[in-house]
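Here is the structure we will look at, set down as structure tokens.
These numbers were taken from a predicted model, which means no experiment stands behind them. Within every chain, numbering begins at 1; the chains are lettered A, B, ... in the order of the sequence lines, protein sequences first and strands thereafter.
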Amino acid sequence: MIPSAFDYTRATSVEEAVKLLQAAGGEAKLLAGGHSLLPMMKIKLTSPGKLIDIGRIKELSGIRKEGNRLVVGALTTHRQVAADPLVRKYAPVLAEAASQIGDIQVRNRGTVGGNLAHADPASDLPAVALALEAEFEVQGPDGKETLDAGGFFLGPLITALPENSILTSVSFAIPPEGAKSTYLKYPHPASGYAVVGVAAVVSTGPDGMVNDARIGITGVADTAYRAEEAERALVGKKLSEQTILEVAALASEGQEMASDLFASAEYRRHLTRVYTIRALKRLLI
Amino acid sequence: METGKVNVTVTVNGVRRSAMVEPRMLLVHFLRDGLGLVGTHIGCDTSQCGACTVLLDGEAVKSCTVLAVQADGSDVTTVEGLGDMENLHPVQEGFWEKHGLQCGFCTPGVMMTAVGLLKQNLNPTEEEIREGLEGVLCRCTGYQNIVRAVQYAAARMSESEGHREVAAAGDDSGEGGR
């Protein structure tokens with residue numbers, strides 16, 4: 001399968017890429033690793049007239065710690081994230097999720113920025129971005145701005161990324177010392193995408209009670225979401241099997257579950273509860 | 001739609017190759033149709049089966065999901081560049097010794113994936129090998145022997161790596177053990 005014909009331009013800087021986007025008048029798509037875009041172009045789900053390749057803009061790659069946040073360049077690959085010592089130390093849940101995306105070949109090419117900007121509702125990283133209260137640094141014709149993960153994912157493949165803007169980096173909040181976290185998913189057996197994926201970050205105070213809980217859930221609804229009801233129910237309680245059973249029942253509260261050939265909405269609601277239980281139980285140890 | 005062709009230069013198996021291609025040309029077609037390197041197979045064409053896996057700058061990638069223009073300026077290794085009958089790559093030798101193939105269709109991609117895996121992890125556990133081969137499908141379901149073949153290759157490669165280290169250590173002591 002071959003994509004429809006398109007014009008190709010390789011941008012050497014973010015500024016140039018923004019100008020190219022403006023000049024294309026909405027006809028262009030950005031190409032980074034291409035592992036979300038090219039498969040869609042091959043089956044003609046999308047046929048952009050122009051591709052602007054940002055894959056070689058060096059400053060968009062790399063991982064650094066800035067205060068209590070980890071800043072991951074948009075072009076950093078999943079493989080780099082999964083293996084990075086800073087990520088493994090300060091935000092292990094991000095490395096855990098990155099190591100479960102696709103397979104080795106996909107992780108060698110797929111990028112963090114491409115993945116999040118593509119906003120596939122079954123993608124793994126959005127759950128982690130929500131649980132680690134990510135901030136998206138974007139650059140457009142009017143300069144730079146920062147968008148919160150909470151308002152970024154608007155629908156399937158739809159984000160709050162402004163027109164003619166480029167996601168340049170994503171910063172993840174480093175959980176407080178002693179916080180426990182995990183990412184657990186039920187992968188679709190063919191595609192590897194999450195039928196359900198649960199990212200949980202839980203902190204406990206000196207009194208043994210949960211003082212902060214963030215749970216990001218992907219794969220089951222139109223977009224990844226924070227399970228706020230479950231989070232609220234967890235705070236102030238001791239993390240125990242009984243508490244987990246109670247709060248997990250709230251994990252799909254207020255969410256409309258997606259339905260497809262593989263999993264009905266009812267099944268997805270069930271999976272959401274079960275995988276929230278399993279994810280939180282991992283934090284008991 | 002009229003689109004301009006672009007020049008692409010890729011070093012394939014150590015040889016610099018240039019061509020004017022349509023931007024939409026996939027790397028796998030550049031290799032197969034452009035260069036006649038048909039050892040790289042097309043299986044599913046939906047980024048799942050891994051039959052088209054090659055090394056791009058040393059990393060295993062699915063060449064059906066990379067545009068030829070994205071590989072411009074890079075090094076590509078295909079199965080043709082791994083070894084030959086007189087001098088098999090340890091992974092090829094492993095597939096030979098452990099009967100790591102049945103119909104053989106997935107084999108080039110599996111071998112390139114294994115080479116990429118062993119570059120990242122020279123001493124993988126069986127579980128790591130199985131996880132590492134997640135991106136390749138064998139429709140003969142001959143996975144047991146594929147895993148054995150990769151284990152064989154890993155042992156051979158770490159053996160020769162060990163020899164190199166011993167030789168290097170010997171050199172050091174020859175220089176006065178600094």
Side-chain angles (χ1 to χ4, degrees), chain A residues 1-12 27-56 75 77-80 82-83 99-111 114 187-193, chain B residues 1-6 8 21-29 33 42 44-74 109 112-121 124 128-129 131-137:
Chain A
M1 290 174 294
I2 299 167
S4 296
F6 53 82
D7 280 322
Y8 171 89
T9 316
R10 190 178 290 156
T12 54
E27 243 202 286
K29 288 286 283 179
L30 294 174
L31 175 69
H35 272 50
S36 298
L37 181 60
L38 294 176
M40 288 183 64
M41 288 174 64
K42 287 173 68 178
I43 55 173
K44 312 289 195 293
L45 271 176
T46 181
S47 299
K50 293 175 199 293
L51 283 194
I52 299 165
D53 187 353
I54 57 169
R56 294 178 191 226
L75 287 186
T77 63
H78 306 313
R79 148 89 186 143
Q80 289 166 331
S99 71
Q100 294 177 53
I101 296 171
D103 48 54
I104 282 191
Q105 296 98 310
V106 170
R107 293 193 289 274
N108 281 340
R109 289 292 293 173
T111 67
H188 187 288
S191 71
Y193 274 94
Chain B
M1 192 179 123
E2 280 294 312
T3 50
K5 290 193 172 186
V6 290
V8 168
V21 304
E22 273 193 81
R24 63 173 168 166
M25 178 179 261
L26 301 167
L27 179 59
V28 68
H29 294 299
D33 306 343
I42 300 173
C44 69
D45 216 3
T46 54
S47 321
Q48 288 172 344
C49 80
C52 65
T53 300
V54 300
L55 299 185
L56 179 61
D57 292 328
E59 292 189 327
V61 304
K62 293 176 177 175
S63 63
C64 80
T65 315
V66 177
L67 298 171
V69 288
Q70 288 180 290
D72 184 31
S74 293
M112 299 315 290
T113 307
V115 173
L117 169 69
L118 295 175
K119 270 173 179 275
Q120 291 179 356
N121 179 2
E128 284 169 340
I129 292 174
E131 271 177 21
L133 296 174
E134 200 179 359
V136 288
L137 297 176

Any idea which of G50(B), C64(B), G116(B) has the most non-hydrogen atom pairs under 4.5 angstrom with chain A?
C64(B)
Leading residue by heavy atom contact count with chain A [cutoff under 4.5 Å; candidates Q70(B), E131(B), Q48(B), E134(B)]
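With the most close heavy-atom pairs to chain A, the winner is Q70(B).
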Reported [atom1]-to-[atom2] distance for the pair [X] and [Y], which is rounded to 0.5 angstrom:
X	Y	atom1	atom2	value
D103(A)	L137(B)	CG	CG	9.0 Å
Y8(A)	M25(B)	OH	CE	14.5 Å
K42(A)	S47(B)	NZ	OG	5.0 Å
M1(A)	T46(B)	CE	OG1	6.0 Å
E22(B)	D7(A)	CD	CG	10.5 Å

Side chain from CB out, backbone as N, CA, C, O: work out which of these in D53(A) comes under 4.5 Å of a heavy atom of chain B, or both, or neither.
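For D53(A), the contact with chain B is made by the side chain alone.
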Is S4(A) in contact with chain B via its backbone, its side chain, both, or neither, using a 4.5 Å heavy-atom distance?
backbone
Near K44(A) NZ, under 6.0 Å, is it more than 12 heavy atoms from other residues, nucleotides or ligands?
yes
Closest-packed option against chain B by number of heavy-atom pairs under 4.5 Å, given L37(A), V106(A), L38(A):
L38(A)
In terms of heavy-atom pairs under 4.5 Å with chain B, which of R107(A), M41(A), R56(A) leads?
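Sorted descending by pairs with chain B, the first entry is R56(A).
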Check: R10(A) side chain, V69(B) main-chain N or O, donor-acceptor pair, under 3.5 Å:
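Between the backbone of V69(B) and the side chain of R10(A) there is a qualifying donor-acceptor contact (under 3.5 Å).
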Using non-hydrogen atoms and a 4.5 Å limit, figure out which bit of L67(B) sits close to chain A: side chain, backbone, both or neither.
both
For T65(B), is it the side chain, the backbone, both, or neither that has a heavy atom closer than 4.5 Å to a heavy atom of chain A?
both
I want to check something: taking the side chain as every heavy atom from C-beta on, are E59(B) and I104(A) in contact at a cut-off of under 4.5 Å?
no
Within-4.5 Å side-chain heavy-atom neighbours: R24(B) and L51(A):
no
